[in-house]
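For reference, the structure is listed below as C-alpha cells.
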There are 2 protein chains.
Amino acid sequence: MSHSKKRVTIKEVAADANASLSTVSMVVNGKGYVSDSKRKIVLNSIRKLGYVPSASARSLASNRTNNIGFILRESHFTLSEPFYTRIFLGAEFESKNQNYYVLLATVPDDYKRGTDTPRLLKERNVDGIIIAGKVNINLLREVEDSGIPFVLVDYQYKSYPSITIDNRNAAIEAVRYLIGKGHTDVAFLGADISHPSISERLEGYQLAMMHADPPETGELVFIDEHQSPTLQTGYELGVKILNGAKRPTAVFCANDALALGLIKYAREKKIRIPEDLAVVGFDDVEGGKFSTPQLTTVRVFKEQIGELALKLLAELLDDVPKSNTRYERSNHMLTVPTELIVRESA
Amino acid sequence: MSHSKKRVTIKEVAADANASLSTVSMVVNGKGYVSDSKRKIVLNSIRKLGYVPSASARSLASNRTNNIGFILRESHFTLSEPFYTRIFLGAEFESKNQNYYVLLATVPDDYKRGTDTPRLLKERNVDGIIIAGKVNINLLREVEDSGIPFVLVDYQYKSYPSITIDNRNAAIEAVRYLIGKGHTDVAFLGADISHPSISERLEGYQLAMMHADPPETGELVFIDEHQSPTLQTGYELGVKILNGAKRPTAVFCANDALALGLIKYAREKKIRIPEDLAVVGFDDVEGGKFSTPQLTTVRVFKEQIGELALKLLAELLDDVPKSNTRYERSNHMLTVPTELIVRESA
DNA sequence: TTGATATATCGAAGCGCTTCTATAAATTTC
DNA sequence: GAAATTTATAGAAGCGCTTCGATATATCAA
C-alpha cells in the first residue's frame, strides 16, 4: 500500500537484538527456551523499533487465523433493543484480552446452506465461532459439519458448549415476587415457544404457580407461537389478556418488549400500572428504564455473557490441539444467573 | 488446527487444471492474460475441488489485508437506539460485495493515544477505516498520521472523505412543515452543539424561522451543551421548555431520543400531543414507531449511509495505488438526503 | 563419572499465495 | 514482411512468520 510506511519485521528485530529469528519468535509467543538476559534484549529491540507482528504472516505460518466469528440473525442484530448487540460487545471486549479479532456475520432467518453461508465460514477464516440466539438448524448443522469449534449463546444444540441464562429460576423468582405481593391471578405473556429461553421462562412460571392458591390452570397463559416476542406482539396479546373472561392482576412477560407492548395497550385502556395491573418483564433492556412506569424486570448480564462465551471458546481452542477428546463431550454448558430489578411496574 | 480438513490449495488446482500457479492466480483475481479456454478449465477445477483462497496467504503476498476497520465510540454502539449499529450493518452488508471483512473497534469517549489505540490500527491490520460519529480528536489525528485511508460518517474533519446527512435542509423542511400547520412559536430542542449534525439542524431551524412571523429571536432555542442528546436530556429540557415564560406550541428536536424524552415529560404534565404541543424528531429510530403518540420525524437512511461509506472507501483504496494525488483532495464529501415522516406527534 | 534430561540458540524449511521476469506464439503496424 | 506489440503461459522469488530439527552447553539422577 502506497500510504503505509514500511513495517518493521521480525528480521530487523533479530538483527538489532543480535538473535535469530526463532529466538525472537519465541520471545514474542512466550514459547520454548529463552534465557532471561536474551529475552530482555529482544524485548528492548521490539520496543525500540516499534515492532508489531504481521497477523497474516503469523496466520499463514501457524495455520490459525486468530479470528473468531460471531454469527447472529439479521433480525436479532437490527432489533430496536440491543440485546444481542450487547452480547456481541462483551465478546468484542474480551477478544482484546485473548488476542482475537471478532468477525461479525449476520444470517437471514430462513438460512439456506450454500447461498447464505457466511464468508468467514466458507473461507475458513476463523478459529472458532460464537452463535448467538436461536438460528436456523441448517446453519447449526453446517457449522457442525465444518469441524470448527463453536459456542452457542442463549440457545442449545445437542450438547455443544453453550452459555445460557438461568431462565427457569429467574422466572420462578419473578413470579414468586408477584405472588408475594398478594397477586393470585398471575398471567404469563409469551411468544414463539420454540425458543428454549421462552419455554423455560414459561416452565418457571408454571413451577412457581403450581403451589399458588389457586393453582394455575393454564387459563392465564397467553402465547402466540407464530410471533416473535416484540412490542407489537405484546400489544396484540394485551388485547386478549385484558379483555378476557378472567382478567389477571399481574402479568409475567417473557421479555421486556412484550411487557412494554402490554403496558402500551393497558395505558390506552386507562388501566393503571401497577395499581390495577402489575407487569414484570425479562432482559432489562434500555427502554425499560425510560418507560412510564419504569419496568420491573429480570436483569440479564449481556456483556458478561458475551465475555464468557469468548472465554469459553478461547479455552476450547487452546485445548483442542492438545487433547484428542472430542470437545463437545466436556461439561461446557454454562448457565449464568440473573437479578430481579424492582422498579415501578410491579 | 486438528479439527479442520486439509484445505485445498492453489497448487492442487494448478495441477488439476494442468496450469501454472500464476495462471490460476490470475484467473482468481481477474488479472493479466488468460485465454478463455484455459480460464474455463481452471474455473472448473476450482469448482470441482472446492478451492477457496487463503486470506492470510493472499494478504501476506499482496500486502493488503482485505479488512476494513469500523471505529465508533463505545457509548454510540451501546446506545439504546441503534443508530450507528445500523450504519455498521449497512457497511457490513456492502463489505460482502466488495470482499472485505469489517473489523469493529469501539473506543472510549476520552480517547488517549497509545493506551486506547485500537488493535486493528496498532497492528495495521486494515486497508482502510470508517469512523462513525463524533470521536475524540486524538483518534482522528492518530488515524490521520497512520496514513491509512479513512472515511468519516456523520462527522467531518478537515476535508477528508465523509458521508454526512443533509441536516440543514432536513431541518428546514421539518420546521416549515410545522409553520405550515399554523404554528408560530416553534422551539428548538438540542444538546451538545459541538456535534456538527446538531448545530446544522439548529442552523436549518434558524433559517426556516427567519422568515416566520414573528421571526425567531433565540428565545425558543433550548440546548444543553454539556449533555448528549438522550432521552434523559430531552426530559430535563422539557421541564424548561414547558414551564418557561413563553411556551411554544411546537418543538423541533435535534433527534428522536430528545423528542421522546420531551414527550414523556409532556405526558406526565397532561399536555396533549399533538393538540397542545406538536413534536418532531430526527433520525427515525425504531422506538418512535412505538411511542404514544407515534413520532413524526426525519428519516435518516442509516443502512444506506453505511453502505455508501464502505463503497466510497473501497473506491479510495482502489485509486490510491494508481494515482499519486493525495486522496483527501478529491471531492469525496457526500451528503445524503432525508425524508420527513409524518406520524402522530405533529 | 556417565548417561539422561533440561536449557538455550540457531538455521532452514515451508505456510499459500502474488507478482516479476522470461519466453514464445499470435497479432498488429507501417 | 520485419519490427513492435499484444496475448498467453510458466517459473521462481519472496511476503513475514512459526516450527522442526540440529547443535551445544548446563543440570540432574544414579
Side-chain angles (χ1 to χ4, degrees), chain A residues 1-2 4-43 45-46 49-67 99 123-125 127 321-322, chain B residues 1-2 4-43 45-46 49-67 99 123-125 127 321-322:
Chain A
M1 280 169 291
S2 63
S4 50
K5 314 139 196 159
K6 198 79 205 68
R7 89 182 291 149
V8 178
T9 70
I10 198 173
K11 215 169 165 178
E12 296 163 54
V13 174
D16 187 87
N18 206 355
S20 72
L21 295 196
S22 33
T23 301
V24 176
S25 174
M26 284 165 135
V27 169
V28 170
N29 295 295
K31 290 184 187 172
Y33 297 110
V34 182
S35 66
D36 272 5
S37 54
K38 198 92 200 175
R39 167 177 286 101
K40 237 165 252 163
I41 296 172
V42 170
L43 250 18
S45 298
I46 288 178
L49 303 177
Y51 168 69
V52 181
S54 145
S56 31
R58 228 170 178 176
S59 173
L60 181 58
S62 66
N63 197 25
R64 43 200 314 272
T65 64
N66 273 299
N67 293 150
N99 247 276
E123 302 183 357
R124 314 199 113 265
N125 206 357
D127 299 334
K322 289 173 197 159
Chain B
M1 279 169 292
S2 64
S4 50
K5 314 139 197 157
K6 197 79 204 64
R7 89 181 291 147
V8 178
T9 71
I10 196 173
K11 214 168 164 178
E12 297 164 54
V13 175
D16 187 88
N18 205 355
S20 72
L21 295 196
S22 35
T23 300
V24 177
S25 174
M26 285 166 135
V27 169
V28 171
N29 295 293
K31 289 184 187 173
Y33 297 109
V34 182
S35 66
D36 272 5
S37 52
K38 198 92 201 177
R39 170 185 286 50
K40 237 165 252 162
I41 297 172
V42 170
L43 250 19
S45 297
I46 288 178
L49 303 177
Y51 167 69
V52 181
S54 146
S56 32
R58 228 171 176 175
S59 172
L60 181 58
S62 65
N63 196 27
R64 45 201 314 273
T65 64
N66 272 300
N67 292 150
N99 248 275
E123 301 182 356
R124 312 198 114 266
N125 207 356
D127 299 335
K322 289 173 197 159

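Atoms considered below: every heavy atom in the structure, side chains included; atoms not considered: hydrogens, waters and symmetry mates. All values reported here derive from a predicted model rather than from experimental measurement. Residue numbers start from 1 in every chain, and the chains themselves are labelled A, B, ... in the order their sequence lines are given, proteins ahead of strands.
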**Prompt:** Can a donor-acceptor pair be found between the side chains of A:Ser56 and B:Ser59 at a distance below 3.5 Å?
**Reply:** yes
**Asked** Would one find a side-chain N or O of A:Asn29 under 4.0 angstrom from OP1 or OP2 of D:dT18?
**Response** yes
**Complete:** Of A:Ser37 and B:Pro53, the one whose closest nucleotide on DNA chain C sits nearer the 5' end is A:Ser37
**Message:** At less than 4.0 Å, is any side-chain N or O atom of B:Tyr33 found next to OP1 or OP2 of C:dT19? Yes or no.
**Reply:** no
**Asked** Is any side-chain N or O of B:Lys31 closer than 4.0 Å to OP1 or OP2 of C:dT18?
**Response** no
I'd like a table of atom pairs between the protein and nucleotides 21-25 of chain D - only N or O on both sides, under 3.5 Å - with the distance next to each one.
none

**Asked** A:Ile10 has an atom CD1; how far is it from atom P of C:dG14, in whole Å?
**Response** 19 Å
**Asked** Side chains of A:Glu123 and B:Asn99: closer than 4.5 Å at any heavy-atom pair?
**Response** yes
**Request:** Measure the distance from CZ on B:Arg124 to P on D:dG16 and round it to the nearest whole Å.
**Result:** 13 Å
**Request:** Using a cut-off of strictly less than 4.0 Å between a heavy atom of the residue and any atom of DNA chain C, enumerate the qualifying residues of residues 15-25 of chain B by number.
**Result:** B:Ser22, B:Ser25
**Request:** Could you state the atom-to-atom distance from CZ of A:Arg7 to C1' of D:dC17 in whole Å?
**Result:** 11 Å
**Fill in**
Rounded to the nearest 0.5 angstrom, the CG-CD1 distance for A:Leu49 and A:Ile10 is 12.0 Å
**Asked** How long is the line joining CD of B:Glu12 and C1' of C:dC15, in whole Å?
**Response** 13 Å
**Complete:** One should read off an interatomic distance between A:Asp36 CG and A:Ile41 CD1, to the nearest 0.5 angstrom, of 11.0 Å
**Request:** Write down the distance between NZ (A:Lys40) and C1' (C:dT9), rounded to a whole number of angstrom.
**Result:** 18 Å
**Asked** What is the distance from CG of B:Asn125 to P of D:dG16, rounded to the nearest Å?
**Response** 14 Å
**Message:** Checking the side chain of B:Arg7 only, and the main-chain atoms of B:Val52 only, is there a donor and an acceptor separated by less than 3.5 Å?
**Reply:** yes
**Item:** Minimum side-chain heavy-atom gap B:Thr9-B:Val13 below 4.5 Å
**Value:** no
**Asked** Between atom CD1 in B:Ile41 and atom P in D:dA8, what is the gap in whole Å?
**Response** 13 Å
**Message:** Distance check, rounded to the nearest 0.5 Å: B:Asn18 atom CG versus B:Lys38 atom NZ?
**Reply:** 5.5 Å
**Asked** Atom CG of B:Asn63 to atom P of C:dT19: distance rounded to whole Å?
**Response** 10 Å
**Asked** Checking B:Asp127 side chain against B:Thr65 main chain: does a donor-acceptor pair fall under 3.5 Å?
**Response** yes
Under 3.5 Å, which donor-acceptor pairs do the side chains of residues 23-31 of chain A form with other protein atoms, sequence neighbours left out?
from	atom 1	to	atom 2	distance (Å)
A:Thr23	OG1	A:Ser20	OG	3.0
A:Ser25	OG	A:Asn29	ND2	3.4
A:Asn29	OD1	A:Arg58	NH2	3.0
A:Asn29	ND2	A:Ser25	O	2.8

**Item:** 5′-ward residue of the pair B:Lys38/B:Leu60 relative to DNA chain D
**Value:** B:Lys38
